[in-house]
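Comments concern the structure below.
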Amino acid sequence: ALAAYLAVLKEWYARLGFSARFSMTVLSALPTLAALLWLGSESGLTQALSWAQQFLARNGQALAFDRLQGNLWRGIRFGRVEWRGFDTAVKGTDLQLRWSLRALLRGKGLVHQLEAGTLVIQVPPGDPDKPRTDTDMPGDFGLPFPLEIRKLAVGRLEIQPPAVNGKDAEPFVVLTDIDGAAEYAVR
């Protein structure tokens, strides 16, 4: 049945004139091109992040940001970004992310720059009735493509307990001027 359908489809396509075949080819690619152009705009980025906020909210998480610039093609910059979920909060200021869409389309993740002015991670408090034990690290995980981060920098990293009465607690850990690079190869 499939062979007969393919034969009918080929015969029909061969009977069409050049202008009809050309029109079908161009018009079928138009919606994809329009979507890619829209995602390459700042309004497309804002809408994509709005969808991410809605998705996270349905899963008991929250994402907030302001002073957004950039696009999904080249990179983005946030004045402030905050994620909350699973009794944990992550707050960042002056976050900048630049990547290569061309490299991703070739099957490789290439991040030119991942920087944050400050990054504050608020972790849930431990149970005082339970003694502290070593935490098991997660098992092997992997990405479906190699990843290279050429510049990874954080001006100030704080790890602290949750805020009390709306005021941040004293941090457990403070690291400043973190600067490096990372590379991940597919096994």
same_hphob_cluster(L63, V90) at 4.5 Å side-chain heavy-atom cutoff | yes
Check whether more than 12 heavy atoms from other residues, nucleotides or ligands sit under 6.0 Å from atom CD of Q54, and answer yes or no.
-> yes
Pairwise distance CD(E183) to CD(E148) - rounded to 0.5 angstrom = 5.0 Å
Inter-residue atom distance E82.CD - F65.CZ, 0.5 Å rounding | 12.5 Å
Of the options T118, V120, L119, which is the one that meets L157 in a side-chain contact (heavy atoms from CB on, under 4.5 Å)?
-> L119
Examine V111 and Y184 and state if one hydrophobic cluster contains both, with Ile, Leu, Val, Met, Phe, Trp and Tyr joined whenever side-chain heavy atoms are less than 4.5 Å apart.
-> yes
Do R84 and Q122 come close enough that some side-chain heavy atom pair is under 4.5 Å?
-> yes
Does R156 come within less than 4.0 Å of D177, counting only side-chain N to carboxylate O?
-> no
Report yes if the side chains of L152 and D179 come closer than 4.5 Å at any heavy-atom pair, otherwise no.
-> no
Determine whether the side chains of Q96 and E115 contain a donor N or O and an acceptor N or O closer than 3.5 Å.
-> no
Answer yes if V81 and L97 sit in the same cluster of Ile, Leu, Val, Met, Phe, Trp and Tyr residues linked by side chain heavy atoms under 4.5 Å apart, and no otherwise.
-> yes
Note, N71 side chain near E42 side chain (heavy atom, < 4.5 Å) | no
Hey, does F55 have a side-chain heavy atom less than 4.5 Å from the side chain of Q61?
-> no
Would you call T46 and L49 a side-chain contact if the rule is heavy atoms closer than 4.5 Å?
-> no
How many angstroms lie between atom CZ of R150 and atom CG of L114, to the nearest 0.5 angstrom?
-> 14.0 Å
Pairwise distance NE2(H112) to CZ(R98) - rounded to 0.5 angstrom = 6.0 Å
Would you call F172 and P161 a side-chain contact if the rule is heavy atoms closer than 4.5 Å?
-> yes
Heavy-atom nearest pair, P146 first then G107, reads CD-O, 3.4 Å
W51 vs L56 side-chain heavy atoms within contact, under 4.5 Å | no
Can you tell me how far the CD1 atom of I121 sits from the NZ atom of K91, to the nearest 0.5 Å?
-> 12.0 Å
Do T93 and F78 come close enough that some side-chain heavy atom pair is under 4.5 Å?
-> no
Polar side-chain atom of D94 near backbone of A116 as donor-acceptor pair, under 3.5 Å = no
Check the pair R74, W99 against side chain to side chain contact (heavy atoms under 4.5 Å, CB included), reporting the backbone distance first and the verdict last.
-> CA-CA 6 Å; R74 292 201 175 88; W99 63 83; over 6 Å; no
Taking atom CG of L45 and atom CH2 of W73, what is their separation to the nearest 0.5 Å?
-> 13.0 Å
Counting distance only, does the side-chain N/O of T88 pair as donor-acceptor with the main-chain N or O of F86 below 3.5 Å?
-> yes
